[in-house]
J.: 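Here it is, the structure in full.
Throughout, protein chains are lettered first and strands after them, A, B, ... in sequence-line order, and every chain is numbered starting at 1.
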2 protein chains.
Amino acid sequence: MNQSIRLLLADDQALVRGALAALLDLEHDLEVVAQVGRGDEVVAAARAAGAQVALLDVEMPGLDGIGAAAALRAELPGCRSLIVTTFGRPGYLRRALEAGASGFLVKDTPAEQLADAVRRVHAGLRVVDPDLAVATLAVGANPLTAREQDVLRAAADGGTVADIARGTYLSEGTVRNYLSAAIGKTGARTRAEAGRIAAENGWLLR
Amino acid sequence: MNQSIRLLLADDQALVRGALAALLDLEHDLEVVAQVGRGDEVVAAARAAGAQVALLDVEMPGLDGIGAAAALRAELPGCRSLIVTTFGRPGYLRRALEAGASGFLVKDTPAEQLADAVRRVHAGLRVVDPDLAVATLAVGANPLTAREQDVLRAAADGGTVADIARGTYLSEGTVRNYLSAAIGKTGARTRAEAGRIAAENGWLLR
DNA sequence: GGTCGGCCATGACGGATGTCATGGCCGACC
DNA sequence: GGTCGGCCATGACATCCGTCATGGCCGACC
């Protein structure tokens with residue numbers, strides 16, 4: 001029999017992390033060798049434990065899972081990444097693939113499929129939800145410029161234009177211009193709607 | 001040796017549900033006898049399986065976990081409820097206890113504590129995160145009237161006043177009045193900020 | 001070198017938003 | 001029966017917001 005596949009788990013929710021470890025440890029050919037709760041601890045833990053596949057949640061403190069996948073790609077090219085996330089946002093998938101991730105699963109996937117996904121990723125195959133792939137193609141690439149994303153993110157917590165201007169070191173008129181551009185590009189009619197649409201498409205990461 | 005505690009799991013994310021089942025089945029005195037992905041299937045499944053403790057996520061389609069706890073309380077008083085949720089919102093805890101839930105855990109609790117929490121709930125004890133309990137007392141009860149919650153919820157997706165008025169069958173001026181009241185009560189300065197604050201405190205459920 | 005696009009800014013305009021005063025209707029409570 | 005508070009509405013006002021035109025600066029690309 002071959003050696004076990006060495007896994008790293010990264011998820012900020014300890015309960016979910018521990019439960020996934022229990023689930024995966026039931027498979028004789030899988031072995032969870034490291035668990036972390038922050039994205040910026042992934043590379044060091046993967047290196048120390050000799051992980052071959054990393055299961056990465058997107059929403060994590062320190063560094064998001066996609067950034068962690070990029071860091072792994074750069075520093076430990078032998079360790080493949082499988083993104084496991086709550087939200088099947090098109091922009092997440094696009095950026096995950098650009099970051100060199102080998103797979104992308106949403107958390108409402110049946111639990112029985114997780115181990116197989118890990119094995120396929122370890123074997124060098126890609127694992128992507130086909131529906132999400134289609135949706136990602138339909139949505140297209142992120143139309144927002146970096147600054148437009150900045151002001152939308154700053155507007156997300158409901159501050160006034162003056163607040164956003166202070167937070168981004170821009171003039172109020174410039175903030176209004178960026179918001180107007182973002183509203184136009186998203187097809188929205190208010191800044192709040194634009195922020196919601198952008199967030200749903202995964203355009204506000206980082 | 002005593003008989004196993006019979007558990008029901010309710011979580012809309014299949015992967016998390018299956019992983020929690022794997023984790024809990026590792027304990028010899030616990031047995032997962034039912035799994036559902038919707039809140040409105042909880043009571044029937046619990047009755048059919050003879051569940052003694054129900055692990056309920058708050059965010060679920062059909063009926064939220066707190067509503068499911070209330071339904072269990074009414075129809076199967078012998079089955080205790082343990083709420084397990086991503087968000088430690090004060091309003092969630094308050095409403096969960098009012099609904100007759102026996103416990104309330106957030107998902108960043110260490111996995112090792114989950115089984116003990118189940119045992120305590122089964123034994124008739126309450127299990128509540130003490131920090132969250134303090135925060136709940138500090139925040140106080142929900143100050144928003146039912147209509148104020150309605151318009152805030154309707155405003156959450158970023159529509160204009162006219163949209164909200166159409167959706168709630170109110171006049172535009174009335175909508176503005178309710179929004180203004182909600183802004184005042186939450187200490188916010190825009191409707192978006194008021195909506196964010198209300199959501200963070202768990203005041204917009206249902 | 002010219003063109004394009006992102007970035008930053010100003011100013012002006014119309015419309016939307018938040019506030020306030022006011023009033024009526026109803027059920028609950030003393 | 002009076003009072004209180006939630007609910008619904010109207011109207012007016014000052015402010016904020018979204019849009020547009022315009023301009024300058026810079027790096028990329030042909």
J.: OP1 or OP2 of C:dT10 sitting under 4.0 Å from any side-chain N/O of A:S171?
T.: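 Result: yes.
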
J.: Choosing from D:dA9, D:dA21, C:dT19, which nucleotide comes nearest the side chain of A:N177?
T.: D:dA21

J.: What is the base-pairing partner of C:dG24, counting Watson-Crick and G-U wobble geometry with both distances under 3.5 Å?
T.: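 D:dC7 is the nucleotide pairing with C:dG24.
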
J.: Both distances below 3.5 Å, Watson-Crick or wobble geometry, any strand: find the nucleotide opposite C:dG14.
T.: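 Answer to the pairing question: D:dC17, which forms a Watson-Crick or G-U pair with C:dG14.
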
J.: Please report the distance, rounded to the nearest Å, between OH in B:Y169 and P in D:dC7.
T.: 19 Å

J.: Within less than 4.0 Å of OP1 or OP2 of D:dA9, is there a side-chain N or O belonging to B:T174?
T.: yes

J.: Just how far, in rounded Å, is P of D:dC17 from CZ of B:R191?
T.: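 Distance check: B:R191 CZ to D:dC17 P gives 11 Å.
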
J.: Would you please confirm or rule out a distance under 4.0 Å between OP1 or OP2 of D:dC16 and any side-chain N or O of A:T160?
T.: no

J.: Starting at the 5' end of DNA chain D, which residue's closest nucleotide do you reach first, B:P143 or B:E172?
T.: B:P143

J.: Atom NZ of B:K185 to atom C1' of C:dT19: distance rounded to whole Å?
T.: 16 Å

J.: Within this structure, what is the OG1-CG distance for the pair B:T85 and B:L105, rounded to the nearest 0.5 Å?
T.: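 The OG1 atom of B:T85 sits 10.5 Å away from the CG atom of B:L105.
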
J.: Before accepting this row, confirm whether a basic side-chain N of the pair A:R95/A:D64 lies closer than 4.0 Å to the acidic partner's carboxylate O.
T.: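 A:D64 and A:R95: not salt-bridged.
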
J.: Side chain of B:T190 only, please: which of D:dC8, C:dG6, C:dG18 is the nearest?
T.: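 Minimum distance to the B:T190 side chain belongs to C:dG18.
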
J.: Can you tell me if the side-chain N/O atoms of A:S180 get under 4.0 Å from OP1 or OP2 in D:dC17?
T.: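 A:S180 to D:dC17 OP1/OP2: no side-chain N or O under 4.0 Å.
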
J.: Round to the nearest Å and state the distance from B:D150 atom CG to D:dG6 atom C1'.
T.: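 Checked: the CG to C1' distance equals 13 Å.
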
J.: What is the distance, to the nearest angstrom, from the CD atom on B:E148 to the P atom on C:dG18?
T.: 14 Å

J.: Closer than 4.0 Å, any side-chain N/O of B:Y178 to the OP1 or OP2 of D:dC8?
T.: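 Result: yes.
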
J.: Please answer whether the main-chain N or O of B:G50 pairs with a side-chain N or O of B:R6 as donor and acceptor at a distance below 3.5 Å.
T.: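 At least one qualifying donor-acceptor pair exists.
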
J.: Distance check needed: D:dA12 P versus B:R176 CZ, whole Å only.
T.: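 From B:R176 CZ to D:dA12 P: 12 Å.
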
J.: Which nucleotide wins on minimum distance to the side chain of B:V161, given the candidates D:dC16, D:dC8, C:dT17?
T.: C:dT17

J.: For B:R73, look at atom CZ and say whether over 12 heavy atoms of other residues, nucleotides or ligands are found less than 6.0 Å away.
T.: no

J.: Should the heavy atoms of other residues, nucleotides or ligands under 6.0 Å from CZ of A:R38 be counted, would the total exceed 12?
T.: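 Correct, the count exceeds 12.
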
J.: Just compare D:dT19, C:dC8, C:dG18 and give me whichever is closest to any side-chain atom of A:L170.
T.: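 When the side chain of A:L170 is considered, C:dC8 is the closest of D:dT19, C:dC8, C:dG18.
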
J.: Using purine N1 to pyrimidine N3 plus N6-O4 or O6-N4 for Watson-Crick, or N1-O2 and O6-N3 for G-U wobble, each under 3.5 Å, what pairs with C:dC30?
T.: D:dG1

J.: Across the strands shown, which category fits A:R189 at heavy-atom distances under 4.0 angstrom: base, sugar-phosphate, nothing?
T.: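 If one applies the 4.0 Å heavy-atom cut-off, A:R189 turns out to touch nothing in the nucleic acid.
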
J.: Choose from C:dC7, D:dA9, C:dG18 the nucleotide whose nearest atom is closest to any side-chain atom of A:A146.
T.: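 Out of C:dC7, D:dA9, C:dG18, the nucleotide with an atom closest to A:A146's side chain is C:dC7.
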
J.: Write down the distance between CZ (B:R147) and C1' (D:dG6), rounded to a whole number of angstrom.
T.: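 In whole Å, D:dG6 C1' lies 11 Å from B:R147 CZ.
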
J.: Expressed in angstrom and rounded to an integer, what is the separation of B:D163 atom CG from C:dA16 atom P?
T.: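 Between P of C:dA16 and CG of B:D163: 11 Å.
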
J.: Closer than 4.0 Å, any side-chain N/O of A:T145 to the OP1 or OP2 of C:dC7?
T.: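 So the side-chain polar atoms of A:T145 do come within 4.0 Å of the phosphate oxygens OP1 or OP2 of C:dC7, strictly under.
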
J.: Looking at A:E75 and A:A71, would you say the former's side chain and the latter's main chain have a donor-acceptor pair under 3.5 Å?
T.: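 Absent.
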
